[in-house]
Amino acid sequence: SFTMNTYLFVYDLLQFCGHSWIFTNMIIRFMSFGKDSLADTFYSIGLVMRLCQLLSVLEILHILIGIDKSCLLPRFLQITERIIVLFVVINSQEEVQGKYVVCVLFFLWNLLDVVRYTYNMLARTGIYYLPLTWLNFSMCILLYPLSVLAKAFAICVSLPYFESFGTYSIKLPFPFAFSIYFPYVLKMYLLVLFTGMCFIIQNLFSERKAHLGRGNIKKKRN
């Protein structure tokens, strides 16, 4: 319906503005301060980044109620990966926030999202610009695996701090005699991360084929 399409357009516009601000801020800071800007990336743009990622949870709801026709599981995995790494791993350990991997991770996320939300906004209005369509469904196949590697590296960097400070580790008193050692949870999650990557990449190739097929492009041009 027109109302739902307008709502989705406004949502994509808000996300585009947020990620564009982050991406532009990172570029300007790097051009102004060089490598010195990398260490305090989280402190300068972390708040806006967290707001954008929290807002992205709505995309799962959009699929569940049927106003977005995307596949649920791949999108759910992509969103939860970012939420876990950003809020559980990076946000909880101040020592990790100053690592260069955070800057690399934010750069990859925002580069992908600026293109994706630009494509989505135009698609809501019935505009399919072929170079942008190609870029949206091709760039993610290259950059998504790199972002997964950056997430995994961020988790590995954080492990010594989770071990030292005991963050999120739980030891229940007697008579339960049960404990959860959070570094082990993160190590197990690494397996989930790479397993999910294989599934998501397969889905990305399927989406690219569906949107860049000759007949589909010809239809959109007309």
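This is a predicted model, so every value here is computed, not measured.
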Given 3.5 Å as the limit, does a donor-acceptor pair link the side chain of [X] with the main chain of [Y], or not?
{"X": "Thr24", "Y": "Trp21", "value": "no"}
{"X": "Ser37", "Y": "Gly34", "value": "yes"}
{"X": "Ser169", "Y": "Phe182", "value": "yes"}
{"X": "Ser56", "Y": "Gln53", "value": "yes"}
{"X": "Arg29", "Y": "Asn25", "value": "no"}
{"X": "Ser20", "Y": "Cys17", "value": "no"}
{"X": "Ser138", "Y": "Leu135", "value": "no"}

Cluster question for you: counting only ILVMFWY and a side-chain heavy-atom cut-off of under 4.5 Å, with indirect links fine, are Ile45 and Phe33 together?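 No; tracing contacts between hydrophobic side chains, which count when under 4.5 Å, never links both residues.
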
Considering non-hydrogen atoms only, spot the tightest contact between Ile201 and Pro145 and give its length.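 For Ile201 versus Pro145, the nearest heavy atoms are CD1-CG, 3.5 Å.
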
How far apart are the closest heavy atoms of Leu159 and Pro183, and which atoms are they?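 Scanning both residues completely, I find the closest heavy atoms to be CD2-O, 3.8 Å.
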
For side-chain contact (heavy atoms from CB on, under 4.5 Å), just list the numbers for Glu81 and Tyr189, CA-CA rounded to whole Å, side-chain angles, deciding distance to a tenth of an Å, and then say yes or no. CA-CA 10 Å; Glu81 285 172 8; Tyr189 181 68; 3.5 Å; yes

Could you please spell out the steps behind the side-chain contact (heavy atoms from CB on, under 4.5 Å) verdict for Leu55 and Tyr11? CA-CA 9 Å; Leu55 191 62; Tyr11 168 81; 3.7 Å; yes

Go through it in stages, so that I can follow the logic: the residues are Arg208 and Trp134, the test is side-chain contact (heavy atoms from CB on, under 4.5 Å), and I'd like the CA-CA distance, side-chain angles, deciding distance and then a yes or no. CA-CA 8 Å; Arg208 186 179 188 277; Trp134 182 90; 3.1 Å; yes

Around atom [atom1] of [X], are there more than 12 heavy atoms from other residues, nucleotides or ligands closer than 6.0 Å?
{"X": "Tyr168", "atom1": "OH", "result": "yes"}
{"X": "Tyr43", "atom1": "OH", "result": "yes"}
{"X": "Glu163", "atom1": "CD", "result": "yes"}
{"X": "Phe153", "atom1": "CZ", "result": "no"}
{"X": "Phe87", "atom1": "CZ", "result": "yes"}
{"X": "Tyr181", "atom1": "OH", "result": "yes"}

Chi angles and distances behind the side-chain contact (heavy atoms from CB on, under 4.5 Å) call for Lys151, Val89: CA-CA 9 Å; Lys151 293 171 195 172; Val89 175; over 6 Å; no

Please table the atom pairs, donor to acceptor, closer than 3.5 Å between any side-chain atom in residues 60-71 and protein atoms at least two apart or in another chain.
| residue | atom | partner | partner atom | Å |
| --- | --- | --- | --- | --- |
| His62 | NE2 | Tyr7 | OH | 2.7 |
| Asp68 | OD1 | Ser70 | N | 3.0 |
| Asp68 | OD1 | Ser70 | OG | 2.9 |
| Lys69 | NZ | Gly66 | O | 3.0 |

Taking salt bridge (Lys or Arg N to Asp or Glu O under 4.0 Å) as the definition, give me every residue that meets it alongside Asp113, ordered by chain and number, with sequence neighbours left out.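 Asp113: salt bridge (Lys or Arg N to Asp or Glu O under 4.0 Å) contacts with Arg82, Arg116.
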
Modelled atom types, side-chain donor and acceptor of Tyr161 and Glu94, under 3.5 Å: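 Checked: Tyr161/Glu94 side chains show no N/O donor-acceptor pair below 3.5 Å.
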
Gap between atom CZ of Phe9 and atom CG of Asn5 - 0.5 Å precision: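 So the CG of Asn5 and the CZ of Phe9 are separated by 9.5 Å.
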
For residues 96-109, dump all side-chain donor-acceptor pairs below 3.5 Å to protein atoms at least two apart in sequence or in another chain.
| residue | atom | partner | partner atom | Å |
| --- | --- | --- | --- | --- |
| Gln97 | NE2 | Ile90 | O | 3.2 |
| Gln97 | NE2 | Asn91 | O | 3.1 |

Hey, does Asn120 have a side-chain heavy atom less than 4.5 Å from the side chain of Gln15?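 Not in contact.
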
Close side-chain approach of Phe165 and Gln93, heavy atoms under 4.5 Å: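 A side-chain contact exists here, since the closest heavy-atom pair is under 4.5 Å.
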
Tyr119 ring center near Tyr129 ring center (under 6.0 Å):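 No: the rings miss the under 6.0 Å criterion.
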
